[in-house]
Amino acid sequence: MHRRTIQICAIIALFICGFICITIMSLPVHVYSDNLRQFIRPHPPPTMNVAFVCAGEKTIELIRRAAKTLLFHRTTPAHIHIIGDHPCYSTLTTMVRYWNATDDVTVSFYPWVKHTAKVEWLPTTHYSGIYGILKLLLPEILPDAVKEVILLDTDIVLNADIHELWGYFRKMEPEQLIGVATELSPWYQKSSQWPAQNGVGFNTGVLLLNLERMRERNWEQIWKCDTLKPLAMYKKVVLGDQDIFNVVAKERPELIYELPCTWNVQWREDRHPCLSPEISPHLKILHFNLPSKNVAESLRTPEFVALMKKVDEMEPPS
């Protein structure tokens, strides 16, 4: 009798399981496939924070070109932070709409006039004026919720998905605050210039800033403390924020992660191994760090000419 009871229970269990399977299979395909997708869907990619300091009429065309290449190559959501004036902000928002990117690209605006008083005590002869020095204030300008940000000069052209650059945050050691590439010109080899690590220094046209660590380490105190001595000696900041970042890098090299030079290829008259024919085709960011910003006079290799032709022809996906 006991064995028969077990057999009946087993038959009932099989019947129930069969009924459930038949019911599921009879549902429209999109119903159960959508439910299943909830379990197998990969985690959405993180939103990358990208910042520009942008102010003045001359920067409008530059930010338009930089944003075009950023939007063309990106494959992940992005939050663009504009520290500057309203025309730059308006230009960026127009670009995002033109590229049909409003679903996963947001733009935030931080008026530069609210922050200049904190850096006006630094005399500078750089053509960017006080605007460039505002880059030192990113940890306090951007909200605390922004823990990492890629800070780009407006005179850059992207030749790769910026998500690749974002990946270098994961390569930084716990004590490192800043990712930056080498200065390709011999500028800091001159004895009359601000000090730089190994007499070579870094170019701050492309920066990876771990804002969370910078806030924890009291970044404001660090850069101000390291700036006072050279400022007393040289009386002025020649290359804006770059001179100050380089002083910090020289005094505290443990804070710096060196990016591959292909992420900031500065095209100047000076020759550098990073500008060799072997490397040029693989460049990720081209940086026109010339006061005139005249693209035509900067292009001296077929690779760069081809790149800028591609930029000119970039259009939103149909």
Side-chain angles (χ1 to χ4, degrees), residues 48 50-54 58-76 78 80 88 91-92 94-101 104-105 127-128 150-168 179-187 200 202-208 242 258-318:
M48 300 175 299
V50 182
F52 293 94
V53 175
C54 175
K58 293 182 179 179
T59 60
I60 296 297
E61 189 55 39
L62 296 176
I63 191 69
R64 184 178 289 116
R65 186 179 66 196
K68 176 198 249 187
T69 59
L70 170 63
L71 295 170
F72 178 83
H73 289 292
R74 74 173 185 93
T75 57
T76 53
I80 303 176
C88 281
T91 299
L92 238 308
T94 300
M95 288 292 296
V96 170
R97 288 195 299 270
Y98 179 74
W99 281 79
N100 304 313
D104 59 353
V105 176
Y127 58 81
S128 66
I150 296 173
L151 178 55
L152 301 173
D153 278 3
T154 56
D155 56 353
I156 61 97
V157 169
L158 278 150
N159 191 39
D161 185 353
I162 201 168
H163 185 67
E164 294 181 43
L165 181 58
W166 187 263
Y168 282 93
V180 62
T182 300
E183 168 63 44
L184 302 188
S185 80
W187 176 267
V200 177
F202 298 100
N203 184 284
T204 58
V206 177
L207 288 168
L208 269 61
Q242 182 167 305
E258 185 170 347
L259 294 171
C261 67
T262 51
W263 282 105
N264 186 354
V265 175
Q266 310 123 45
W267 190 237
R268 303 179 62 93
E269 293 187 18
D270 311 294
R271 292 297 184 262
H272 187 278
C274 197
L275 303 176
S276 67
E278 293 78 20
I279 295 180
S280 292
H282 306 289
L283 71 89
K284 306 291 187 178
I285 292 180
L286 181 57
H287 182 192
F288 292 97
N289 59 326
L290 297 165
S292 70
K293 307 304 175 190
N294 188 324
V295 173
E297 73 181 29
S298 306
L299 299 175
R300 297 183 177 85
T301 69
E303 293 86 3
F304 289 5
V305 172
L307 170 58
M308 294 312 298
K309 184 175 185 296
K310 183 171 73 172
V311 171
D312 290 339
E313 295 171 351
M314 286 178 180
E315 288 293 337
S318 55

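A search for salt bridge (charged side-chain N to carboxylate O under 4.0 Å, His left out) contacts involving E258 returns nothing, not counting sequence neighbours. In terms of the ring pair (Phe, Tyr, Trp, His ring centres under 6.0 Å) criterion, residue partners of W166 (sequence neighbours excluded) are, by chain and number, F169.
Note: C261 SG to L283 CG = 9.5 Å, rounded to the nearest 0.5 Å. Residue L152 holds its CG atom at 9.5 Å from CD1 of I80, rounded to the nearest 0.5 Å. Rounding to the nearest 0.5 Å gives a distance of 7.5 Å between CD1 of I150 and CH2 of W263. The structure places CZ of F52 at 11.0 Å from OG1 of T59, a figure rounded to the nearest 0.5 Å. Atoms CG and CE, on L158 and M314 in that order, are 8.5 Å from each other to the nearest 0.5 Å. A distance of 10.0 Å separates CZ of F288 from CG of L62, quoted to the nearest 0.5 Å.
For the side-chain contact (heavy atoms from CB on, under 4.5 Å) criterion with M48, the lone passing option out of V105, L165, L70, I162 is I162. The one candidate from T69, D161, D104 that meets the side-chain hydrogen bond (donor to acceptor under 3.5 Å, both in side chains) condition with R74 is D104.
Ionic pairing of R65 and E61 is not present here: no N-O contact between side-chain nitrogen and carboxylate oxygen is shorter than 4.0 angstrom.
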- Task: Take L286 and N159 through the test side chain to side chain contact (heavy atoms under 4.5 Å, CB included) and record every step on the way to the result.
- Result: CA-CA 8 Å; L286 181 57; N159 191 39; over 6 Å; no
- Message: Please determine whether side chain to side chain contact (heavy atoms under 4.5 Å, CB included) holds for the pair N264 and L259, giving the CA-CA distance in whole Å, both sets of side-chain angles, and the decisive distance to 0.1 Å.
- Response: CA-CA 8 Å; N264 186 354; L259 294 171; over 6 Å; no
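What you find for Q242 and T204 is that their closest heavy atoms are OE1-N, 3.1 Å. Taking each heavy atom of K68 and W99 in turn, the nearest pair found is CG-CZ2, 3.6 Å. Residue H287 comes nearest to D153 through the heavy atom pair NE2-OD2, 3.6 Å, listed as atom of the first residue, atom of the second, then distance. The shortest non-hydrogen separation linking T154 to A66 is O-CB, 3.7 Å. C88 and I60 make their closest contact through N-CD1, 3.8 Å (heavy atoms, listed as atom of the first residue, atom of the second, distance). Taking both residues in full, the closest heavy atoms of L71 and A101 are given as CD2-CB, 4.4 Å, listed atom of the first, atom of the second, then distance.
For K310, the NZ atom sits in a packed shell: over 12 heavy atoms of surrounding residues, nucleotides or ligands are nearer than 6.0 Å.
Side chain of Q266 to main chain of L184: a donor-acceptor pair is present (N/O by atom type, distance under 3.5 Å, no hydrogens or angles).
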